[in-house]
Structure formats: structure tokens, C-alpha cells
Amino acid sequence: MKIVFQNLIVIFSFVAYNYFCLAKDNIKIGLFFNENQMSDPFNWEIVQDQAHPEIEFEASKPIIVPETDSFEIMKIACSAFSSENGFSAVFGPRHLISSETMQSACSNFAVPCISTQWIPMNTKLNPYTFNVYPDANFLSQGLATIVKSLDWDRFVIVYENEEGLAKLQDVLKLQLYQDNSDRNSVLIKQLGAGPDYRSLLKDISNLHPQRLILDCDVDKITEILIQAKEVKLLDDFSTRIFLTSLDAHTIDFKELKIVTNITTIRLFDPAQGSVRSTTRIYYPKIPPEKLRVETALQHDANLLLVKAINSLKEKYPDSDLSSQRKYCNTSEIYEDFFNFNREMQEVTVPEGEGLTGEFRLENGKRELFTLELIEVNNPDNPNSPIGIWRSDNPESIHLTRNATERERELQVRMQNYNFIVSSKLGKPYLMYSRIEGATGNARFRGFSLDLITEVAKEMKINFTFELADRNLATSIVDDLVNRRADMGICDFTITQQRSEQIDFSLPFMSLGISILHSEIEQEEIDNMYGFMRPFSWTVWIYIITLYLVISFAILLIARLDPADWENPHPCNPKPEEVENIWGIKNCLWLTLGSIMTQGCDILPKGICSRIAAAMWWFFSLIMTSTYTANLAAFLTMSKKDESIKSVEDLATQNKIKYGVMSNGSTQTFFENSNNSLYQKMWATMKNENPSVFESSNDKGVERVLNTKKGLYAFFMESPQIEYELERHCGLKKIGQFLDSKSYGIGVPLGAEYRHTINAAILKLQENGRLNELKEKWWKHEDLEDKQCSGGGGEVMKDELTLSNVGGAFIVLAAGIGFAFILAFVEFLWNVHSISVEEHISYFEALKCEIKFACNIKVTKKAAKPVISDSSSSKSESERSMTRTILAGAGSFLNINASVLNRLAQDRDFTPEYISDDQ
């Protein structure tokens, strides 16, 4: 009996020791979930692994509570807390109404209620509510700072519910409202019930958004993006989308094949070593990149709870922290004896232990967290953040990329994208190629194609040319606005109206509006003797008459003046005769040489004759100077003054009609001008019948050419006028520029690649390539040997034509002909004189003189002609006969031989048989 009693004492002592000394505190955690939370099972392993050795956590099953029925939620909570052991802490439901009801119940029981869901900002939490989800106020500030850093002027917000719109409250405050302005507005759209969102997305696409903020559940993002792609909302390279979901990192965007730049945010980096190791241990079935924020926050909440309970156990090692049963229908006020809620606020989860980084729940809110900004299409490292925002510095964001890295990433994206270039046909900017069956860009040729080709080489991109609808510049603008094209080029004027719809690159060509008109054919008879026009016929008659009169006057004066009578033999001091060289021929030659400004080889020597000559020279100087001046004026002036020389002349007359291309920038210039002159011209053009407007510049040029007598003028931009002047010699440009503007390459508003286009254009300007392209298409291509000299400016006919000076050629030819005829007559008369003097036949003398005249190498001529051999023999026989006759006559008449010799010499021969002795 004694042994049995001893054994009972030992057993009792052992049980008492285990119960009082080795027994662990039993901590029970309540799980009150909504039905849609059941897909995320609660992980007890982290709690059990981190628990204090003297604490044992009891795994409880989740209790399902309704989302909106607060009364039912309270009944369920009261029943659960009054069950065996009760709860030391509670994880609340996801829905906002049920979460607030559970928080109220926990506050009544003095039990911490832990939440991992978003709670609206400015919500006053009770002391027993702890929310691990980032604080709504800081999160809203973070989203606003991120959007501000993206430099978005206009954007569309698409939200799923009021909760999402509340998250973006600070984003909405970024835009300051201004009256009559749409560039600073924020468009807000709600998704609706779904699952088909195409109608809404189509409406958004028609608004041509460039920036889109999407706030919705992560499970809907993929389907929404697919539907947005179907309605052409995501086909534009420059469109950017910002996803506010913290779970966006779990989506595989590569499968969507979207060219649009998508930016997301994340609360933690799935590729971080601590995250990957924790996921591998506690969530082996979930890849790190698929780990959702709710699971990560639940994990960190468990870790925070364990740390708080462990800290209490260390502070109160002898106290029992086990859960206690509590009731609703009692007057007892429950208190937190161990200051559990204060411990929950003071404990900190350090960096590297939790999945979502370092945090603490001071005042029950998580005010310390980090958001990483991710660019999905980042070609270098899609997982690397482009910016980091921290809640302890909410007004700024740290950008991890410099300008060079951003430019390189943009360049890689552009290389993987084919740019669509919208243009229109129009010489010389774009024309159809002459290659039959050509495809792609080979279908076209022209300045625009060459320019885009050069720009594409600098940007290292690919492009495809497409023609705009109806071949209009307005259609190009529509293509850019509707994101059907990435660039637009043609004779594309940069205007204020267009700049409100699209962006432009730096100008590649400067220009102005000017007037294109045709050369008017003047009705004037060409005068071959135009050189006679400086003087009237009366003056010419007076000059000729005076020429003759002065010549005879000088003749008379010279004969009266003793100084003009000269000694013909200067060696004889006492000549028997004196000579006067001033005959009628020399007088006429002197006066003629003077008035022709050529001078004369003989000059008068008497004082009187010199005075007369000097007076004639003075008259000749005046007349020749006057003639020369008037001749230049008469022969170089235009046949007739221009009918219009400026826009003012065109506006003040009513004979010549003028017009512009309809719906073009030139029409807009006149329509919106504040200048009274241009307003008057615009009113005139509108009221003209038939219409003076043309559908294209080509038709305007054709109308100018085909309108007779230059009765139509067309306002065009100067580059097109220069092009037409090179190819149509009957056209001219009138006046100066009416304005100053430029051509540029159009891109959608906010296009990221615009600065790259600007850099390419600057480089082409610096190396002269732009000028080369213009020179090629304006002055070389398609000219077909009909280039007009002086093209590109006003046409002035300053050249002297044969019709003006032909009379001078005729007078010269007539004078030379007359001189030849007179010389030939004199030549024949001289031949006759030689034949008579030399007693030879006329034809022998003519033959001898012609032979000498044709021998141009001989510069000296014998005083007497040289007769040929046959002629010499015949003459010799005649001389022999003459000698015989003379010899006989001399003997018969007894004449002295010297007389006969002299006679023979006079006959050019010396009789050999007559000597001086005879």
C-alpha cells in the first residue's frame, strides 16, 4: 500500500511539473476570411519556426464571414471568441466593410486585428488595428511622385472601383485646372462590369490617348491589355501605360507581344536573394516571380506577430500568455494586460527578414516601404528598376538610369520596331517610282523619301511609307493623332493649329508664302533698228545735216587760214608752190572720226580751223555721251513694266484673280490673319465665282499656266514656287514673303523619339546633306533638259537680243559690202589703167593683179606689173620690131641716138642697137 501511495505521489509530482513548469503558453490565432480569400491558405510554418520555445501556436481553421452583413459578422465573431481558448490575435477579412466590423469586434475584446489589405486614407484606426499594407496616404503620394517623374502632361485614368480612384487622389491633384484648355486635363473612365471592355477601350482609343494609367485587379490586366490591343490602343510606339497594381510583376508581358511601353511598380524584388530563399522554403509551389503581394504581406504579418509575442514572453517569462475565452454579452471590459498592442507597434521587421522589406506598424499603419519602378520593355534588364521611391522621402524619386542609358534603351526599342511614315503625293516631295512592280518603299521616290531614309540611317531604324487618305495633309495629321502612323512628312507646315494635335521635329526647311504668276506676252513689234531709238528721227537728220555743213565749213576755213597751206618739199625753203591737204574728203573724214570717237590721222594746224574743229569735238562729245546713256536705257529695259510687283498691287486691282490651295496652311494663314490687307484678300477670294481655290498645288500651277494674259495668280509656299520656276520658264515669282514658317516632320504628341529625329536633322544640316537633297530634287531630277536659267527668283529679261541690235549688224554688213563693191570697181579700173599704160591686154593685166592679190605672203609690190613668160616673149618680139622701126627712122631723119634712147626708156626698153655715138 505504501509503495502504491509513493508511486501516486511520483506521478502527481511529474504531472504537476509538466503542467506548471514544462507547459507552453497556448496562443491561438483567429482567421476570419471572406470566401474569396480561401484560395490563399494561411502559412503556419513561419509562425511555428519563429515562435519562442515556451510558446505554442494553435492552428485554427479559417472562419468564413460575409462581406457586407455586419450583424452576421458580429454574431460569428462573438461565437468564435466565446469558444474554447478564444483568440490572442485575429487576421481580418479582405473586404472593407467586413474588415471594419471585425476591427470593431477586436477592439471590444482588446485583441489585435491584423489586416493585409488597403484601407482608405484618413481612416482613423482603433488602437487594436494593425495594417501591414502600405499606408494609403503615402501610397497615393508615391503614385503621384512616380507619375510626375514620368513627365506626363495628359493622361487617361481607367479605374475598376472607387477604391482604385481613391488610391489616385494625389495623381489627380497634379493637374491644375485652366479655363478653355484641354492640354492639362485628366480624363477618367471606369472599367465597368466586364468581362468585355472593348467598347470602353474603343472609346478611349478614339480619344487618342498617349498616356494611360490603369488601376484594376491583377487578374483582369492581361485580358484588358489583349482587348486594348484588338482595338488598336496598344499599337503605337509612343503610347505608355502605367499599371498601379503591386502584383503586376506576376504577369508575363512577353506573351502579349506589345510594342507599347508598360511601366509597373512593385513592393519587393522577386529576384532578390532573401526573397527567393524564403519563397523556396515556405512557398515551394510558387515561383518567386509569381509571388503576390497579399501572400508576401501575410508572411510579413505572421513574422511581425511572432516577433511581438516573443518579445512579450521575454518581458514576462513567468506569465501565461495563452489565449483566453471572451464573451460579447457581458458587462466586463476587457483590457490588454500585457500591452500586446503597444508591442505590435514597437517591434520592427528588419531588412532581409521580411519579404517586403523593413517596416514597423507605428500607430497601426505601415508608413515605411519602398516602391520600385519597372519598365517592362527594358531591353537591357527588364527586372532592373528604373526608379526607386521611398516613403521616408515622398516628394522625390531616385532614378537609376542616366540620360545615356535611357537613350540606349530607347534606341534598342526603336530598332525592334517598324515605323510607319504617312505622306502624300506631290512633286518633288513624293512621287511614284518608275520601277514597274515595285513593292514597299521602292514604290516611291522623292525628297521626302530621301530625307526619311537619311534620318532613319542616323536613328538606325526601319520604316515603311504609306499614303494618307485622299492625299491630304489633314489626313496625315489624322494618321498621327489616331496612331496609325509614327511619322508624317510632306510639304508639312508647322502651324499653331497642328501643334495642338501633334508634335513637330526641328524644321528641315524654311520658307514663306509668295505669289506665283505667269510671264505676260507683250504685244510689241520687234524693231531691228532699236539702236536708233535713243534719238528721234529729227535729231538724226539734224546730226547728219550738221555733219555735212561742218565738213564744208572746215573746208572753207582751212582754205582761208594761211597756216593750213604747207610746203610740199620741206627741204626747199622757197617753194614755188604750197599745198593744202584739207580737201572735201579729209574734212569729211575728220568730222566723221570725231563723232565716232575714233579720232583722225590728220589734224588742222591753223588757229581758226582748230577752233572750228574743237567746237565740233565738243558737240560730238555731248552727242555721243547722250547717245550711249540713252542706248543702254532703251535696249536693257523690259519691254513693258510688270503688271503687279507686290501683294499690295495684287490686292488693289480687280483684273487678275488670285487663289490658294483649299484646306491648306496658306488658306489658314489668310483666314486667321489680323492684317487688314490679308483679310480683304481673303474676303475677295471667298466671294469669287467661279472659285479661285484649287485642291492641290499642281492644279494651281496648271491654272496659272493655262489662264490667258496672266489673269490668275496663285499663292504658294516658296519651295514649291522654286521647283516650278525651274521647270516652267513662263512662270515667275512676284514680291517678297508674306510670312515666315518652316517644314517639319510630324510625330504623335509626346513621342519619345522626337528628340532623336531632331538630332538626326541637326546632323544633316551640319554636314550639308539637307542642301544636297534639295539641290538634287529641285534642280536636277525630272528636268528633262528644260531647266530655266535664273530659276527660283523673279524673271528679268536684261539680255540684248538680235531683234534689238540687228540693225547695227545690217549696217555693218552693208558698209562692208559697199566697201568691197567699191574696192572691186576701183580694182577693175586700176587694171584698165595698167593695161593702157603698159600696152598689154586687159585680161593679161587682170590675171597679173589677181595673182598678186591672192598671194597674201607678199607685202611689197613692184611699181610695174610682172608679166608672165609667154607674155614676155610676145612683148619681146614687139620690142624688136619697134627697135627696127625706130632705128630706120633715126637713120632716115638723122635723129640723135640720145633722143632715141630716152624715147626707148619712156617706153620701158632700151634699144640695144642704138648707142650714144650715133
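- Note on ring orientation: taking the six-membered ring where Trp is involved, the planes of Phe268 and His249 are perpendicular (angle over 60°, cut-offs 30° and 60°).
- Using a 30° and 60° split on the angle between ring planes, Tyr283 and His299 fall in the perpendicular class, above 60°.
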- [ ] Give the C-alpha distance, both sets of side-chain angles, the deciding distance and a yes or no for side chain to side chain contact (heavy atoms under 4.5 Å, CB included) between Val306 and Ile46.
- [x] CA-CA 9 Å; Val306 171; Ile46 181 63; over 6 Å; no
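- A donor-acceptor pair under 3.5 Å is absent between the side-chain atoms of Gln190 and the main chain of Leu165, judged by distance alone.
- Applying the ring pair (Phe, Tyr, Trp, His ring centres under 6.0 Å) definition to pairs two or more places apart or across chains, those involving residues 386-413 are Phe369-Trp389.
- Put simply, the side chain of Leu96 does not reach to within 4.5 Å of the side chain of Glu163, judged on heavy atoms.
- For the salt bridge (Lys or Arg N to Asp or Glu O under 4.0 Å) test, residues two or more places apart in sequence or in another chain that qualify with Asp219 are Arg292.
- Between the Ser149 side chain and the Ile146 main chain, a donor and an acceptor come within less than 3.5 Å of each other.
- With 3.5 Å as the limit, one finds a donor-acceptor pair spanning the side chains of Asp215 and Thr244.
- At distances below 3.5 Å, at least one donor-acceptor pair connects side-chain atoms of Asp300 with backbone N or O atoms of Thr356.
- Cation-pi contact between Arg443 and Phe465: absent, since separation from the ring centre below 6.0 Å together with deviation from the ring axis within 45° is not met.
- A salt bridge is absent between Arg406 and Glu375: the closest approach of a Lys/Arg side-chain nitrogen to an acidic carboxylate oxygen does not fall below 4.0 angstrom.
- Partners of Lys202 under the salt bridge (Lys or Arg N to Asp or Glu O under 4.0 Å) rule, at least two apart in sequence or in another chain, do not exist in this structure.
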TODO: For side chain to side chain contact (heavy atoms under 4.5 Å, CB included), just list the numbers for Asn302 and Ile29, CA-CA rounded to whole Å, side-chain angles, deciding distance to a tenth of an Å, and then say yes or no.
DONE: CA-CA 10 Å; Asn302 291 341; Ile29 307 298; over 6 Å; no
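- For the pair Glu160 (side chain) and Asp217 (backbone), a donor-acceptor distance under 3.5 Å is present.
- A donor-acceptor contact shorter than 3.5 Å links the side chain of Asp486 to the backbone of Ile420.
- With salt bridges taken as basic N to acidic carboxylate O contacts below 4.0 Å, one links Arg240 and Glu752.
- A donor-acceptor distance shorter than 3.5 angstrom exists from the side chain of Lys229 to the backbone of Leu256, with no hydrogens or angles considered.
- Checking side-chain atoms of Thr264 against main-chain N and O of Leu243 turns up no donor-acceptor pair under 3.5 Å.
- Between the side chains of Glu294 and Gln298, not a single donor N or O lies within less than 3.5 Å of an accepting N or O.
- Every residue was checked against the side chain to side chain donor-acceptor pair (under 3.5 Å) condition with Thr348, not counting sequence neighbours, and none meets it.
- In this structure, the ring of Tyr753 has its center less than 6.0 angstrom from the ring center of Phe419.
- Side-chain atoms of Glu45 never come within 3.5 Å of backbone atoms of Tyr282 as a donor-acceptor pair (strictly under, hydrogens ignored).
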Counting only pairs under 3.5 Å, give me each side-chain donor-acceptor contact of residues 455-463, with atom names and distances, residues two or more places apart or in other chains.
unit_1	atom_1	unit_2	atom_2	d
Glu458	OE1	Lys763	NZ	3.3

Residues 134-145, side-chain donor-acceptor partners within the protein, below 3.5 Å, at least two apart:
unit_1	atom_1	unit_2	atom_2	d
Asp135	OD2	Asn137	N	3.2
Asp135	OD2	Phe138	N	3.4
Ser140	OG	Lys167	O	3.1
Ser140	OG	Asp170	N	3.1
Ser140	OG	Asp170	OD2	3.4
Thr145	OG1	Gln141	O	2.9
Thr145	OG1	Pro394	O	2.7

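- Contact annotation: the side chain of Phe155 never approaches that of Leu150 to less than 4.5 Å [non-hydrogen atoms, C-beta and beyond].
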- [ ] Go through Cys216 and Ile221 one step at a time and tell me if the side chain to side chain contact (heavy atoms under 4.5 Å, CB included) criterion holds.
- [x] CA-CA 7 Å; Cys216 66; Ile221 292 179; 3.6 Å; yes
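- Of the possible donor and acceptor atoms, one in the side chain of Arg483 sits under 3.5 Å from a partner among the backbone N and O of Val481.
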Task: side chain to side chain contact (heavy atoms under 4.5 Å, CB included) evaluation trace for Ile64 with Asn34 - done: CA-CA 5 Å; Ile64 305 300; Asn34 298 131; over 6 Å; no
